[in-house]
There are 2 protein chains.
Amino acid sequence: MSFDQLRYFVAVAEEGNIGRAARRLCICQPPLSRQIQQLEAELGTRLFDRTARGVTLRPSGARFLPFARDILDRVDAARQALDDPGVTSGGDRLREPGALGS
Amino acid sequence: MSFDQLRYFVAVAEEGNIGRAARRLCICQPPLSRQIQQLEAELGTRLFDRTARGVTLRPSGARFLPFARDILDRVDAARQALDDPGVTSGGDRLREPGALGS
DNA sequence: CGACTTTACGGGTCGCGTAAGTATA
DNA sequence: TATACTTACGCGACCCGTAAAGTCG
């Protein structure tokens, strides 16, 4: 599992369509399709149902989606924690994660 | 940034020594050293101070560490959420992340 | 037949492991 | 001089983009 795969998964889940998600992610459909397959293989669970009009989330995919979003948000929070050493002052005080906006 | 880099960073922070962390991770020191450097470069911040006896966390590293641990825990939680569809029953009910043990 | 997803293929990039180099107590 | 981190180098694996094939309304 990689951060890209999580980003890809979220985009596909939101678009309901691999092609549109690929355009949004600025990559081609085949790589995106493969990454989704690979993620499903690693997790041992099918996340989407494929139809002729696109893809739809399976229950397992719906269960996984909030975790994926959460992890990506945490990554952003971690980066910002390094950029903003504590907002106001000296900043040796370390701030625990868990106080996320979402 | 990759999940491996986060795992590597946590291991090095805990061991205070790249060589020992490498043994624990079952990889060689040079790749581990490079991954840490690469992570620091991407984050734009030095995370460790290098000494002749090992490495020590800088304030930025100490600030980053809990986030790294948290993200890795979330990944495990996400995997388990797929394996355990809800512990007891049918399991369409989706459980929000955020109720982590730590 | 049109739209979407998947498989096949070639090229470039990335990361690991081995070996040699550098620095400090 | 012993220990630990770093740089150099060669090889294999992974991922992307293009092209072709398969599938369903």
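Chain identifiers are assigned alphabetically (A, B, ...) following the order of the sequence lines, protein sequences preceding nucleic acid strands; residue numbering begins at 1 within each chain.
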Self-check item: salt bridge (charged side-chain N to carboxylate O under 4.0 Å, His left out) partners for B/Glu14, two or more places apart
Solution: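 B/Glu14 satisfies salt bridge (charged side-chain N to carboxylate O under 4.0 Å, His left out) with B/Arg24, B/Arg69 once adjacent residues are dropped.
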
Quiz item: By salt bridge (charged side-chain N to carboxylate O under 4.0 Å, His left out), which residues pair with B/Arg20, not counting sequence neighbours?
Solution: B/Glu15

Quiz item: From the 5' end of DNA chain D to its 3' end, which nucleotides mark the outer limits of contact with chain A, defined by a 4.0 Å heavy-atom distance cut-off (strictly under)?
Solution: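 Counting from the 5' end, contacts occupy D/dC15 to D/dC24.
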
Quiz prompt | Pairing residues for A/Ser33 by the side-chain hydrogen bond (donor to acceptor under 3.5 Å, both in side chains) criterion, not counting sequence neighbours | solution =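 For A/Ser33 the side-chain hydrogen bond (donor to acceptor under 3.5 Å, both in side chains) partners, ignoring immediate neighbours, are A/Gln37.
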
Check: residues 53-62 of chain A side-chain donor-acceptor pairs under 3.5 Å, at least two apart:
unit_1  : atom_1 : unit_2  : atom_2 : d
A/Arg58 : NE     : A/Arg46 : O      : 3.3
A/Arg58 : NH1    : A/Asp49 : OD1    : 3.3
A/Ser60 : OG     : A/Arg46 : O      : 2.7

Quiz prompt | B/Phe64: partners by ring-ring contact (aromatic ring centres under 6.0 Å, His included), with sequence neighbours left out | solution = B/Phe9

Practice problem: Starting from the 5' end of DNA chain D, give me the residue, B/Arg20 or A/Gln5, whose nearest nucleotide shows up first. | Solution: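 The residue closer to the strand's 5' end, by nearest nucleotide, is B/Arg20.
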
Output the residues of [range] in contact with DNA chain C, where contact means a heavy atom of the residue under 4.0 Å from an atom of the strand; sort by number or write none.
| range | value |
| --- | --- |
| residues 21-30 of chain B | B/Ile27, B/Cys28, B/Pro30 |
| residues 8-19 of chain A | A/Asn17, A/Ile18, A/Gly19 |
| residues 32-49 of chain A | A/Ser33, A/Arg34, A/Gln37 |

Quiz item: Which ring pair (Phe, Tyr, Trp, His ring centres under 6.0 Å) pairs, counting each pair once, include a residue from residues 10-40 of chain B, with sequence neighbours left out?
Solution: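 Ring pair (Phe, Tyr, Trp, His ring centres under 6.0 Å) check on residues 10-40 of chain B returns no pairs.
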
Exercise. Determine whether B/Arg74 and B/Arg79 make a side-chain contact, defined as any pair of heavy atoms from C-beta on separated by less than 4.5 Å.
Key: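 Contact flag for B/Arg74/B/Arg79 side chains = no.
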
Quiz item: Hey, are the side chains of A/Thr45 and A/Glu40 touching, using non-hydrogen atoms and a 4.5 Å cut-off?
Solution: no

Quiz prompt | Closest approach of B/Ile71 to A/Ala78 (non-hydrogen atoms, all atoms of both residues) | solution = CD1-CB, 4.5 Å

Self-check item: side chain to side chain contact (heavy atoms under 4.5 Å, CB included), paired with B/Leu65, selected from B/Val10, B/Asp70, B/Leu6, B/Leu47
Solution: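 Of B/Val10, B/Asp70, B/Leu6, B/Leu47, side chain to side chain contact (heavy atoms under 4.5 Å, CB included) with B/Leu65 is met by B/Val10 alone.
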
Quiz item: At how many degrees, to 10°, do the end axes of the helix from C/dC1-D/dG25 to C/dA25-D/dT1 meet when each uses five pairs?
Solution: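 Terminal axis comparison yields 30°.
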
Self-check item: Check: B/Ala81 main-chain N/O paired with A/Arg63 side-chain donor or acceptor under 3.5 Å
Solution: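 Confirmed, A/Arg63 side chain pairs with B/Ala81 backbone.
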
Quiz item: When you look at A/Leu72 and A/Phe67, which way does the side-chain contact (heavy atoms from CB on, under 4.5 Å) test go after all the steps?
Solution: CA-CA 9 Å; A/Leu72 295 175; A/Phe67 285 91; over 6 Å; no

Self-check item: By side chain to side chain contact (heavy atoms under 4.5 Å, CB included) - contacts of B/Gln35 (at least two apart)
Solution: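 Only B/Gln5, B/Tyr8, B/Gln38 meet the side chain to side chain contact (heavy atoms under 4.5 Å, CB included) criterion with B/Gln35.
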
Quiz prompt | A/Arg7 and A/Asp4: CA distance, side-chain angles, deciding distance, side-chain contact (heavy atoms from CB on, under 4.5 Å) verdict | solution = CA-CA 5 Å; A/Arg7 266 183 278 272; A/Asp4 277 341; 3.6 Å; yes

Self-check item: Derivation of the side-chain contact (heavy atoms from CB on, under 4.5 Å) call for B/Ile18 and B/Phe48
Solution: CA-CA 11 Å; B/Ile18 292 183; B/Phe48 294 101; over 6 Å; no

